[in-house]
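Remarks on the structure that follows.
Whatever order the structure lists ligands and atoms in, that order sets their numbers, starting from 1.
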Amino acid sequence: MDEFSFIRSIQPKFYRQSSVIKGISDDAAVIRPVDGDFVTAVDTMVEGVHFTRETMEPEHIGWRVLAANLSDLAAMGSTPRFYMVSITVPRCWSEKELQSVYRGMKQLADKYAVDLIGGDTVAGKELSLTVTVIGSVAKDKARYRSHAQSGDLLFVTGTLGDSRGGLEYLLSGQAACSKAHDYLIRRHRTPEPRITTASSLSSLQRIALNDVSDGIASEANEIAEASQVEVIINHEAVPYSEALSTCYPDHYQAWMFSGGEDFELLGTVPEKDWPTVEKTAESAGVRVTKIGYVQNMRSPSPCVWLDKDGRRERLAASGYTHLKEEGE
Ligand SMILES: Nc1ncnc2c1ncn2[C@@H]1O[C@H](COP(=O)(O)OP(=O)(O)OP(=O)(O)O)[C@@H](O)[C@H]1O
Ligand SMILES: Cc1ncc(C[n+]2csc(CCOP(=O)(O)O)c2C)c(N)n1
Ligand SMILES: [Mg+2]
Ligand SMILES: [Mg+2]
Ligand SMILES: [Mg+2]
């Protein structure tokens with residue numbers, strides 16, 4: 001394989017977005033502005049940090065890195081349009097395996113008509129993929145973490161902790177697989193970003209959204225901080241799958257809050273808009289659960305409270321943190 005034949009092999013045959021003026025083939029891509037605001041995000045996946053040869057096949061790596069990016073666009077209420085991929089490849093990876101990584105990305109991209117318009121290819125020590133996505137949203141309609149207000153109710157899509165369950169199983173190296181384990185593994189390897197649900201809520205005047213990459217203990221604190229409010233979560237209401245509680249009865253409760261990589265959406269809306277959220281999620285085939293509410297700040301700083309067994313305790317941000325010193 002050489003760099004140029006590889007690039008030719010992953011070059012799209014056509015573009016779905018009419019706003020692509022120049023895609024892969026020149027020094028840079030050219031896109032024509034679409035109506036409204038551009039929204040852009042970047043996320044990286046590194047071998048040994050986000051996946052290993054044991055936890056993911058090449059196709060899953062591709063799907064998962066694009067899913068993490070599309071999930072950030074969903075959390076902004078934006079419609080994805082283009083993506084760019086920068087890849088560092090160890091020499092032991094074959095061209096066929098790399099093409100599988102791109103096939104995984106393409107499978108997800110095709111679902112949402114997102115076009116690959118460029119990237120970069122470098123040989124290096126371990127596989128690292130950095131994807132940049134660009135989406136659009138109606139002018140001033142992007143959904144911020146800072147949009148929560150007192151009286152809103154707090155909701156989450158899907159179930160939480162499944163991805164961590166799948167990861168745990170894959171890392172255990174166990175061979176025999178039940179249906180429940182299969183489900184958890186699928187949730188880890190090929191998460192579904194909640195693009196349709198979020199963009200279908202465009203009629204709502206106000207909604208705060210954050211996607212669940214680190215775990216709701218973290219993301220709820222980010223909403224509280226950005227909006228300068230207190231968030232109250234009802235422990236009993238937090239949704240988990242039967243597969244997770246059956247396979248990991250001793251861990252699922254912790255993983256619901258800090259397992260991470262679920263790529264669900266955590267949001268707040270005024271109570272009057274809850275029926276719209278329920279209807280929208282239902283038409284998208286996505287479960288949505290009311291798990292708490294938002295109140296004005298009563299403590300000196302924004303925080304999250306967890307109501308559990310008749311007691312209220314503080315829920316600190318937890319979950320995976322890069323660049324953390326030992327013992328921190
Ligand atoms: N190295 C960096 N240089 C510049 N901006 C950064 C860098 N890392 C993060 N950011 C910015 O910081 C903000 C928060 O990023 P963060 O990565 O925490 O959010 P996220 O992408 O939703 O989370 P995750 O990476 O877990 O999916 C974003 O605006 C992001 O663009
Ligand atoms: C082999 C392996 N070990 C551990 C993990 C867990 N993990 C890695 S990064 C991350 C948080 C989100 O990262 P980011 O903030 O970069 O999106 C989590 C929960 C994994 N996926 N694979
Ligand atoms: Mg992200
Ligand atoms: Mg990030
Ligand atoms: Mg995010």
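Within ligand 2, counting atoms from 1 as listed, the ones closer than 4.0 Å to a heavy atom of Leu167 are 2 (C), 4 (C), 5 (C), 6 (C), 20 (C), 22 (N). Close approach to His322 involves these atoms of ligand 2, each under 4.0 Å from a residue heavy atom: 13 (O), 14 (P), 15 (O), 16 (O). The ligand atoms of ligand 2 that sit less than 4.0 angstrom from a heavy atom of Asp214 are 11 (C), 12 (C), 15 (O). Each of the atoms 19 (C) of ligand 2 lies under 4.0 Å from some heavy atom of Gly259. Atoms of ligand 2 found under 4.0 Å from any heavy atom of Val49, numbered from 1 in the order shown, are 2 (C), 3 (N), 4 (C), 5 (C), 8 (C), 20 (C), 22 (N). Of all atoms in ligand 2, listed by their number and element, those nearer than 4.0 Å to a heavy atom of His188 are 21 (N). Distances below 4.0 Å separate heavy atoms of Thr52 from the following atoms of ligand 2: 1 (C). Set against the non-hydrogen atoms of Arg145, the atoms of ligand 1 under 4.0 Å away are 19 (O), 22 (O).
With hydrogens and angles left out, the side-chain atoms of Ser9 and Gln99 include a donor and acceptor closer than 3.5 Å. A side-chain N or O of Thr44 and one of Thr130 form a donor-acceptor pair less than 3.5 Å apart. Inspection of the Asp120 and Ser86 side chains reveals no N or O donor paired with an N or O acceptor under 3.5 Å.
We find that Arg145 and Glu219 are not joined by a salt bridge, their nearest charged nitrogen and carboxylate oxygen being 4.0 Å or further apart. Taking 4.0 Å as the cut-off between side-chain N and carboxylate O, Glu278 and Lys290 do not count as a salt-bridged pair. With respect to the salt-bridge test (charged N to carboxylate O, under 4.0 angstrom), the residues Glu97 and Arg53 qualify. Classification of Asp152 and Arg206 as a salt-bridged pair holds, one side-chain N sitting under 4.0 Å from a carboxylate O.
When non-hydrogen atoms are compared, ligand 1 lies under 4.0 Å from the side chain of Asp214 (C-beta onward) but not from its backbone. Counting heavy atoms closer than 4.0 Å to ligand 1, residue Asp43 contributes side-chain atoms (C-beta onward) but none from N, CA, C or O.
Geometric assessment of Arg311 against the ring of Trp305 yields a negative cation-pi assignment under the 6.0 Å and 45° thresholds.
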Expected list for residues 28-38: side-chain donor-acceptor pairs under 3.5 angstrom, two or more places apart:
unit_1: Asp37; atom_1: OD2; unit_2: Asp140; atom_2: N; d: 2.8

Mind running ring-ring contact (aromatic ring centres under 6.0 Å, His included) on Phe257 and His235 for me, showing each step along the way?
CA-CA 10 Å; Phe257 291 93; His235 189 285; 5.3 Å; yes

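Among Ser213, Gly260, Ser218, Gly215, the residue whose heavy atom lies closest to atom 23 (O) of ligand 1 is Ser213. Of the listed options Glu54, Glu261, Met56, Glu261 places a heavy atom closest to atom 6 (C) of ligand 2.
In terms of polar-atom proximity, His50 is counted as a contact of ligand 2, with an N or O under 3.5 Å from an N or O of the ligand.
The closest approach between Ser213 and ligand 2 falls below 4.0 Å for a heavy atom of the residue.
Screening residues 178-189 for salt bridge (Lys or Arg N to Asp or Glu O under 4.0 Å) gives Asp162-Arg187, Arg187-Glu264 as the qualifying pairs, with residues at least two apart or on separate chains.
Tyr15 pairs by the ring-ring contact (aromatic ring centres under 6.0 Å, His included) definition with nothing, not counting sequence neighbours.
With rounding to the nearest 0.5 Å, the separation of NZ in Lys111 from CG in Leu108 is 7.0 Å.
For a distance threshold of 2.8 Å, the protein N, O or S atoms nearer than that to the Mg ion (ligand 5), listed by chain and number, are Asp72 OD1, Asp211 OD1.
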